[in-house]
Every structure is written in structure tokens, then in C-alpha cells.
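First comes the structure, then the notes that go with it.
As the structure is a prediction and not an experimental result, all values here were calculated from the model. Numbers restart at 1 for each chain; the letters A, B, ... are given by sequence-line order, proteins then strands.
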Number of protein chains: 2
Amino acid sequence: MKKKATLKEIANELGVSISTVSKALKGSPEISFETTEKIKAFAKLLHYRPNNIALSLKNRQTKTIGVIIPEIVHHFFAEVIQGIETYANEHGYNVLIALSNESFDKEVFNIDTLASGSIDGFILSVSKGTLQCQDFHHLHETINQGMPIVLFDRQIPDISCDKVIVDDYQGSRRAVEALLESGCKEIALITTEDYVDVGFKRTQGYIEAHIKKGMPHKPSMVLKVDDQFFWEDALESLERRIEALLRLHPCIDGIFGVNEVYALTAMKVAQKMGYIIPKDIQVIGFTDGVLSKHAYPSLTSIKQHGKNMGREAAQMLIQRLESDDERPFETKVLQTELVERESTQLLG
Amino acid sequence: MKKKATLKEIANELGVSISTVSKALKGSPEISFETTEKIKAFAKLLHYRPNNIALSLKNRQTKTIGVIIPEIVHHFFAEVIQGIETYANEHGYNVLIALSNESFDKEVFNIDTLASGSIDGFILSVSKGTLQCQDFHHLHETINQGMPIVLFDRQIPDISCDKVIVDDYQGSRRAVEALLESGCKEIALITTEDYVDVGFKRTQGYIEAHIKKGMPHKPSMVLKVDDQFFWEDALESLERRIEALLRLHPCIDGIFGVNEVYALTAMKVAQKMGYIIPKDIQVIGFTDGVLSKHAYPSLTSIKQHGKNMGREAAQMLIQRLESDDERPFETKVLQTELVERESTQLLG
DNA sequence: TATGTTTCCGAAAACGTTTTCGTGTTGAAA
DNA sequence: TTTCAACACGAAAACGTTTTCGGAAACATA
């Protein structure tokens with residue numbers, strides 16, 4: 001590896017001072033035309049590129065915000081990042097992304113490395129690993145250290161920072177209500193274990209919808225899937241469990257999946273078993289992503305407006321970065337939208 | 001925003017020197033036990049976190065590699081990043097991701113900001129915008145500046161750096177040959193415009209397969225889609241064009257899509273028109289991602305081994321970073337694999 | 001000639017850290 | 001008492017910038 005050119009080298013070669021080089025390169029009127037030209041030409045020859053890191057050392061800010069997400073394949077996270085990027089770029093900030101891969105250790109590591117100089121603030125969605133071990137010391141440390149954090153999507157209590165979340169409860173309730181209103185009597189729920197906050201809330205919405213409509217909800221119609229590890233045959237295992245559920249309850253005429261994959265897999269299993277979608281069984285998923293759109297039949301789902309979420313998060317962070325007053329921390333709750341496609345026959 | 005604690009502050013408060021604080025915090029035996037304890041306690045109180053940026057200024061390296069990808073929603077890119085991360089972490093490097101959103105300007109901007117201090121080297125897949133305007137000055141500058149680059153997936157000629165690519169030509173040829181061998185007579189191709197390198201190569205493979213098998217290939221069976229802009233009704237437009245193609249050639253009994261979405265959409269349209277997959281029409285897609293797996297019927301496709309690609313890229317980059325000798329630049333060509341699922345009835 | 005005003009440039013500090021090389025104090029061995 | 005090592009700590013340089021301040025030279029004015 002060649003080493004990089006510096007102001008000092010240019011200055012030495014040309015027999016001028018470092019300050020002169022710096023000013024010339026910035027086009028300062030202090031420096032004469034000839035000197036400026038000479039320096040610029042030589043800098044170009046050496047492929048000089050200023051070292052911003054030295055700069056941020058001086059300025060104590062990097063104009064960069066760090067985003068840490070648990071997973072990159074997730075369409076929802078991709079949308080959020082789009083939203084963050086758009087807003088951040090409009091306001092002169094750059095965005096850097098790092099992955100936690102749902103692991104507590106990697107989350108801590110990434111926060112540590114980024115927090116120490118590379119960025120001005122964080123936008124992050126905590127990993128499942130962190131949610132499980134309930135260890136938030138890294139977040140507290142970062143906040144105490146004076147670096148603002150905005151949490152999105154996955155909620156955690158007892159942490160003092162801005163948050164943007166989706167109204168999972170409402171969204172899920174409306175979806176299940178819509179199914180009930182369109183005539184479904186027996187709606188299965190495919191959800192995660194309760195320690196995943198969003199899974200829990202969506203489950204709550206499912207239950208509340210039944211209560212509100214005066215319908216009974218049977219716990220045996222709820223399938224809780226532990227998706228902690230993405231082992232090889234996770235999908236097959238899921239399919240088998242769904243098939244068992246459908247065999248056990250032939251009366252099922254509606255399925256609500258707490259995410260795209262659950263809903264889609266359920267639809268696939270049902271189709272293989274001979275059910276016609278949406279005639280025999282109607283299906284709704286949470287999180288509106290590529291899978292829903294490209295499925296056959298395409299999947300009715302609850303859209304989370306990931307871009308908005310990203311925008312909101314970026315806005316909250318940048319506001320806090322650029323003001324000195326200590327405003328109280330906010331929590332923004334974003335509403336969802338029911339996008340109807342071919343997997344349902346809803347009313348209205 | 002609170003300001004961050006520094007060594008100097010700790011030193012002043014405790015009436016010792018900066019060097020003493022630094023050494024104490026690092027657990028140097030030079031410093032007495034009591035002093036060390038006192039300093040550590042106080043540092044904790046102040047939520048001190050060392051500023052790595054100052055360090056990388058000294059060391060002239062950051063142990064971080066930058067990855068720039070055109071899009072984040074793409075499953076293939078996600079896999080590549082997984083591969084990069086795994087290898088990089090194993091070798092003590094951190095990974096930072098930035099997005100170009102297929103835009104030339106953003107690619108340049110990201111390279112500029114990252115290149116100036118934050119990272120030691122790049123792994124990147126050039127944006128479509130860059131491919132179109134054919135302006136590679138930012139890459140040349142970065143390389144000349146002494147920062148190594150590894151290009152992956154999308155090829156560009158005349159640029160001196162390491163590259164990792166998929167054998168698009170072979171992969172595509174094998175897929176089409178497999179279709180022909182299983183009895184297909186009329187295979188439609190859905191591909192991109194030729195300026196997208198991978199699209200072009202996959203098209204070549206399609207043509208060569210026909211030539212090798214002594215089958216005629218009709219240009220009218222090839223649908224070239226311009227996917228440069230993801231405008232609102234891109235999908236509907238694609239569907240209409242595929243439908244038109246199928247109506248024009250009722251004899252079509254095989255479809256090869258140059259990516260997941262093309263193949264999947266084709267399958268969906270065919271199903272809507274009453275064709276049974278794979279009995280009436282067999283379908284294969286390039287790029288094996290989530291969509292293929294979750295489709296119904298699931299899609300036979302050409303797996304690109306994104307993780308391997310990421311590993312290879314990371315390995316090449318780190319090797320170059322850690323050795324001084326100027327090895328000649330390499331280009332690694334990775335083979336593909338045909339993953340058979342439900343959308344085909346291949347032989348053997 | 002003496003004074004003021006440009007014009008052009010350099011010295012030096014600052015940012016936060018690590019590290020090398022002192023230096024002063026102790027205690028022990030000669 | 002002298003000599004030496006061990007110990008505990010500090011001073012200062014270095015990394016690459018920007019910026020403030022100052023100063024020398026050239027020129028114009030009185």
C-alpha cells in the first residue's frame with residue numbers, strides 16, 4: 001500500500017509552509033494566484049485527498065450518523081434506512097450502517113467502535129440477543145457519554161432517549177377486526193415468542209379484536225414460533241407446524257401472520273393442502289414488503305411506512321444534535337395502513 | 001449535547017498528567033496501584049470512552065473496511081455483506097456500509113467521505129448510474145491515492161484493482177441448457193438492457209445454449225426491460241409486457257428470468273393466464289434469494305453464493321492491506337449452482 | 001524620509017491519543 | 001557514604017488539519 005499524501009509533504013516539496021498549502025487548496029484570497037496554482041497542480045499530481053478524520057478531531061463532530069440494524073435482508077429495515085438517508089442527506093449528514101446480526105456482542109462492538117469518534121449520533125433497532133439478555137449497559141454508556149440515540153421499531157423500556165415505534169397493537173387489531181367483519185369465524189395467529197416486543201403487541205391486538213367483536217379466541221389457534229436461530233430447516237419446521245395446526249382445526253377460515261414470512265408460509269401450506277385463497281381462507285400479514293407484493297396470490301398486509309419511520313428518527317436525532325437545550329425525550333407512535341391485495345375479500 | 005470526557009479533563013481534575021491517565025487506563029505496570037484505581041474510578045464516573053479517531057490519526061489505519069452497495073433491499077447484496085462481515089471480523093476488521101442508491105453522485109460522495117480517513121479500503125459494487133455515465137474518475141483517484149478497492153458483482157473494464165465476479169455466462173448457459181434438455185422448445189428470456197453488464201452476459205449465455213444445442217433462438221422471444229428507474233407502476237408495466245409476450249407466442253414452454261423478480265413476475269402472469277407451472281411452462285431465475293424460496297410454486301434458480309463472494313472479496317482486500325508488495329491484480333470468477341425447486345421438471 | 005497600507009506568507013496552537021524518554025524519589029547493596 | 005536499580009510519574013513529540021495572529025516585504029501617501 002502506498003501511503004497517502006499529506007499537506008506536510010506538499011509543503012516540503014514546494015518549499016512553502018503547511019498553512020500556505022492548506023489555504024491555497026481552499027482557495028483562500030490570502031495566497032497569490034501563482035502559488036495557489038502551483039500548489040493545486042502539485043497536489044493533484046500526488047493525488048492528495050484531505051484527511052477528514054483530522055478535521056473531525058478539531059471540529060469534534062463528523063456530520064455522520066450511525067445506523068445499527070439487526071439484519072440487512074429485512075425489507076422493512078431497508079425502507080427505514082431509505083428514509084433516514086433521505087432526511088439526513090437533505091440536512092448535510094452522511095449515513096453509515098453497521099449490522100448486529102441479532103447478536104448482543106456484535107451490537108456492543110459496533111456501538112463501541114462507532115461511538116468512539118466516527119459518528120455524532122445513533123439510530124438503532126436493538127438486536128434480539130440484546131432483548132433476551134436484557135443488558136442495556138452499552139446504550140446507557142453511550143447516552144451518558146453525551147451521544148444521542150434514537151431507538152426505532154423494537155421498544156425497550158427504562159432507557160432515556162427518543163424513540164419511534166409503530167402502533168403494532170392498533171395495526172394488528174384493525175387487521176383482525178377486518179377479517180372478522182368480512183365473515184371469518186376462526187382466525188389462526190402465527191406469532192413469535194413473547195419476548196419479542198412487537199410480536200407480543202401484535203398478539204395483544206389479535207386478542208383485543210376478538211374481545212371487542214364479542215368473539216371467543218382459542219389459545220389453541222395461536223402458533224408461537226421461536227425464530228431466534230435461523231437454522232437450516234427453520235422453514236420446513238414452520239411449515240410442518242402450520243400444517244398440523246390446519247389439520248387440527250379444519251374450521252380455520254382466516255390466518256393472521258405477525259410478519260411476512262409467517263403469513264406467506266401459511267398461505268403456501270394452505271394452498272398445498274388444497275385450500276383456495278382467499279375463498280376458503282383469507283390471509284393477512286404484518287409488514288408490507290417485497291414478498292407480499294410478489295406472492296401469488298399477492299398478500300394483503302399491514303404497511304408500516306418504514307420510510308416515514310426513518311425520516312422521523314433522523315429528524316429527531318438531528319434536532320437533538322443541533323440544539324443545546326435538553327428537551328425531554330419523545331416517543332413517536334406511527335400508524336399503520338392496511339393494504340388490501342388478493343389474499344383477502346374484505347368489506348368496503 | 002453534553003461534551004465528551006477526555007484524558008486531559010481527567011488529568012486536570014485529578015492533578016496528574018495526561019500520560020499517567022492514559023497509562024493507568026491501559027493498565028500499564030508503570031503506574032502504581034492506587035493511582036490506577038483512582039483514575040479508573042474517575043474515568044468511569046465521567047463516562048469516559050477513548051476517541052479512536054485520534055488513534056487512527058496516529059496509526060494511519062482504522063481497521064475498518066467500507067462497503068458500498070447500490071441497493072440494500074437486494075438479497076444478494078445482503079448475502080455478500082454477510083460474507084464480508086464474517087471474514088473481516090475473523091481478521092480483526094470492522095465493516096461499514098454505505099448506499100449509492102444506484103446513483104453516480106451518491107457513489108462519489110460516499111467514496112469521498114469514507115476514503116478520507118474512516119476506512120482502510122473499499123469493497124464495492126458500482127451503481128447503475130456510474131455504469132451509464134462511464135465515469136470512473138472517483139475510483140481511479142481512490143486507487144491512486146493508495147487505497148485499495150475490490151470490485152464485486154458488476155464488472156467494469158480498464159480499472160486496475162482486484163475483482164470478484166460471478167460466472168454469469170456459464171450459469172445462464174447451464175440453466176437454459178437444462179431447460180432445453182428437459183424438453184423445452186421455446187424458451188423466453190426476460191433480461192435487462194445491455195448496458196447492465198450482468199444482464200448482457202446472462203443474455204449471451206442464453207443465446208450460446210441455443211447454439212450449442214443446435215436450436216434456433218428467436219430475438220422476438222427476448223424481452224429487454226429497462227429497470228433503471230423504480231417508478232411506481234414498474235411492476236404493472238412489466239406484467240403487461242410479459243403478458244403480451246406470452247400471448248404473442250403461445251408456444252412458449254420455458255421462461256428464463258435474468259433475476260428473481262423477472263422470473264417470478266413471469267410465473268405469476270403465466271399462472272393468471274391459466275398456465276400450470278411447471279407442467280405447461282418451466283421457469284428458472286437467476287439469483288437465488290428469499291423470493292425464490294417463498295414463491296408458490298417455489299422457483300428453481302441459479303444460486304450465486306453471495307456469501308462466498310463476500311468472503312473472497314474481503315480476503316483479497318485484507319491481503320492487500322496487510323502486505324507491502326505490489327502483487328498484480330486478480331480477478332476471481334465464482335461458479336454458480338442450479339438449485340432445483342418446484343417450478344421446473346428437469347432431468348437427472 | 002517617515003508613515004501607513006496592502007499583499008503574501010509562516011509560526012504556532014489546538015483537537016485526543018500513545019509512546020518514548022527522561023527525571024526525581026526511594027530503598028538497598030557495596 | 002556512595003552507587004545503582006527500581007519505581008512512579010511527567011514532558012513532549014507525533015498524527016493531519018484549520019485558523020488566528022503576526023510579520024516581512026512592497027508599495028503608496030504625506
Exercise for review: Without swapping roles, check the side chain of Ser22(A) against the backbone of Ile18(A) for a donor-acceptor pair under 3.5 Å.
Suggested key: no
Check your understanding: Taking CD1 from Ile39(B) and P from dA8(D), how many angstroms apart are they, rounded to a whole number?
Key -> 13 Å
Check your understanding: So, Thr113(B) and Asn94(A): side-chain donor and acceptor under 3.5 Å apart, yes or no?
Key -> yes
Exercise for review: Under the side chain to side chain contact (heavy atoms under 4.5 Å, CB included) rule, what do Ile81(A) and Ile97(A) come out as? Steps first, then yes or no, please.
Suggested key: CA-CA 9 Å; Ile81(A) 287 179; Ile97(A) 306 158; 3.9 Å; yes
Study note, to complete from the structure: Separation of dC7(D) atom C1' from Phe33(B) atom CZ, nearest Å, is 16 Å
Check your understanding: Quick one: Glu9(B) CD to dA14(C) P, roughly how many Å, whole number?
Key -> 15 Å
Review point. Rounded to the Å, how far apart are Asn52(A) CG and dT17(D) P?
Key: 9 Å
**Study point:** Protein-nucleotide distance (Glu37(B), atom CD; dA8(D), atom C1'), rounded to Å
**Key:** 16 Å
Practice item. Report, as a single string ordered 5' to 3', how protein heavy atoms within less than 4.0 Å touch nucleotides 18-23 of chain C: B base, S sugar-phosphate only, - not at all. Key: BBB---
**Study point:** Closest to side chain of Asn51(A), choosing from dC15(C), dT17(D), dT17(C)
**Key:** dT17(D)
Check your understanding: In terms of the nearest nucleotide of DNA chain D, which residue is placed more toward the 5' end: Ser32(B) or Ala54(B)?
Key -> Ser32(B)
Point to revise | Rounded interatomic separation in angstrom, taking CD1 from Ile31(B) and P from dC7(D) | key: 13 Å
Point to revise | Check: Arg154(A)/Ser127(A) side-chain N/O donor and acceptor closer than 3.5 Å | key: no
Point to revise | Test item: Asn59(A) side-chain N/O and Gln61(A) main-chain N/O as donor-acceptor pair under 3.5 Å | key: no
Point to revise | Salt-bridge contact Glu79(B)-Arg311(B) (side-chain N to carboxylate O under 4.0 Å) | key: no
